[in-house]
Amino acid sequence: SLDSIWVNVSYPNSSAIRLGLTNGGFVNFTPPVAGVYNIVFFANDTSGNTANASSSFTAVAPLPVNLSVTGRNGASLASNITFYYAGTSTQAAFYSSSTGNYGVQNVPNTSHDISINAYDGRVNIRLLGVDTQSNTNRMIVMDNPNVSGFIAVYAVNSSYSMGSARMRISYSGINVSSEGTLKMQKCANWSFAASSCSGDWTDVTPATVDTDADYVQADVSSFSAYGLIQGGYCGDGVCGSGESPSSCASDCACNNGDTR
């Protein structure tokens, strides 16, 4: 039967501590310095058998950051923000706000991927590889305008310094004609003041359509307004590129020599 359990914790400065454990219990440990801690768990039984398992964790100092996510013209906007350690799915901090005014919050002083959900989760932006220490006082401004011809449009303006980001727009609960041909488009020049696009809309490629989770996602290098639009498909009444009388008789009429 089980006799004793303990853990050896090696500090970044090579000193160590032994902490006794109980089966099914836990012990609080506050790292005294920043750095990598190596830990080894031990257990032995009354017959003298011993087993162990190793792991490690990194302790970093907290960094106060001032956050806000607002709607157009400073309107309140319910949202949530998740800080992930950069390039991982490991959550470092999570905050939510009914107004988008987060005030000063503490996050680990390291690089992060920052995920922002707004409009009841219908839009998500993920800032990748953000140097948080250089971005301690930042604002995200968003808008959800109605734009003719689009299924949904979300405009984003960010004061974060970042190399790339990921834009995800949900179409869950929206009746679309053909999920597989949905496209994401970007406005070349979006005006928040006028809530309109003063440039062309162009396709964002590549874009991924997840027909199980009902969203379209693409990696982007800058923010503007992004929208979902229905791409051409057989049955939309237009003989589009790649369609012919033989492949899509409902859209394409026969010309001389054509067969269906």
Side-chain angles (χ1 to χ4, degrees), residues 65-82 95-103 113-128 130 134-179 181-209 214-232 236 238:
V65 294
N66 192 11
L67 309 167
S68 66
V69 179
T70 69
R72 179 172 168 251
N73 296 327
S76 295
L77 181 62
S79 59
N80 62 63
I81 301 179
T82 307
Y95 301 105
S96 64
S97 171
S98 60
T99 64
N101 183 13
Y102 291 86
D113 295 340
I114 305 175
S115 175
I116 298 110
N117 283 301
Y119 297 101
D120 297 320
R122 303 197 67 80
V123 63
N124 171 269
I125 60 173
R126 187 166 178 138
L127 312 177
L128 303 176
V130 177
S134 302
N135 290 271
T136 56
N137 188 13
R138 292 293 183 257
M139 174 184 290
I140 301 285
V141 181
M142 306 182 78
D143 194 12
N144 177 212
N146 292 318
V147 179
S148 178
F150 283 85
I151 296 166
V153 172
Y154 295 93
V156 180
N157 186 23
S158 168
S159 65
Y160 275 94
S161 300
M162 54 90 186
S164 61
R166 193 161 294 144
M167 187 82 183
R168 176 183 294 184
I169 300 176
S170 172
Y171 60 90
S172 177
I174 300 174
N175 185 26
V176 298
S177 300
S178 174
E179 289 182 274
T181 57
L182 289 173
K183 297 192 295 182
M184 183 183 291
Q185 291 192 338
K186 177 185 178 182
C187 167
N189 187 19
W190 180 261
S191 169
F192 268 87
S195 192
S196 64
C197 181
S198 58
D200 295 328
W201 289 90
T202 56
D203 291 350
V204 179
T205 57
T208 301
V209 181
D214 294 342
Y215 66 76
V216 181
Q217 177 175 287
D219 288 344
V220 300
S221 58
S222 63
F223 287 121
S224 178
Y226 289 85
L228 294 189
I229 193 167
Q230 180 67 70
D236 64 2
V238 178

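Nearest heavy-atom pair across Trp201 and Ala225 is CZ3-O, 3.6 Å. Taking each heavy atom of Val204 and Gln185 in turn, the nearest pair found is CG2-C, 3.9 Å. Between Val156 and Phe223 the shortest heavy-atom distance is O-CB, 3.2 Å. The minimum heavy-atom distance between Val130 and Ser161, with the atom names listed, is CG1-O, 4.2 Å. Contact between Leu128 and Ala165 at its shortest, heavy atoms only, is CG-CA, 4.2 Å. Annotation for Glu179 and Val176: closest pair CG-CG2, 3.7 Å, computed over non-hydrogen atoms.
In terms of modelled atom types and a separation under 3.5 Å, the side chain of Ser68 and the main chain of Met139 share no donor-acceptor contact. Between the side chain of Ser198 and the backbone N or O of Asn189 there is at least one donor-acceptor pair closer than 3.5 Å. The closest donor-acceptor contact from the side chain of Arg122 to the backbone of Ser172 lies under 3.5 Å. No side-chain donor-acceptor contact under 3.5 Å links Arg138 to the backbone of Ser158. With hydrogens and angles ignored, the 3.5 Å screen pairs no side-chain donor or acceptor of Asn157 with any backbone N or O of Ser224. Checking side-chain atoms of Tyr102 against main-chain N and O of Asn80 turns up a donor-acceptor pair under 3.5 Å.
For the side chain to side chain contact (heavy atoms under 4.5 Å, CB included) with Val216, the lone residue among Leu182, Ile229, Ile151 that qualifies is Leu182.
Contact check for Ile125 versus Arg166: no side-chain heavy atoms found under the 4.5 Å cut-off. Counting only heavy atoms from C-beta outward, the side chains of Thr70 and Leu77 never approach each other to under 4.5 Å. Inter-residue side-chain proximity for Val209 and Lys183 is flagged as unmet; no heavy-atom pair is nearer than 4.5 Å.
With values rounded to the nearest 0.5 angstrom, Met142 atom CE is found 15.0 Å from Arg72 atom CZ. Note that OH of Tyr95 is 14.0 Å distant from CD1 of Ile116, once rounded to the nearest 0.5 Å. Taking OH from Tyr226 and CD from Gln217, the interatomic distance works out to 13.0 Å, rounded to the nearest 0.5 Å. Ser79 OG to Asp120 CG: the interatomic distance, rounded to the nearest 0.5 Å, is 11.0 Å. In this structure, the separation between CG on Asn135 and OG on Ser159 is 7.5 Å, given to the nearest 0.5 Å. The distance from the CG atom of Leu228 to the OH atom of Tyr215 is 12.5 Å, given to the nearest 0.5 Å.
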- Message: Show, in sequence, the C-alpha distance, side-chain angles and deciding distance for Cys197 and Val147, and conclude whether the side chain to side chain contact (heavy atoms under 4.5 Å, CB included) test is met.
- Response: CA-CA 9 Å; Cys197 181; Val147 179; over 6 Å; no
- Report the C-alpha distance between Lys186 and Val220 in whole Å, list the side-chain angles of each, state the deciding distance to 0.1 Å, and finish with yes or no for side chain to side chain contact (heavy atoms under 4.5 Å, CB included). CA-CA 10 Å; Lys186 177 185 178 182; Val220 300; over 6 Å; no
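No donor-acceptor contact under 3.5 angstrom links the side chains of Ser177 and Asp236, judged on distance only.
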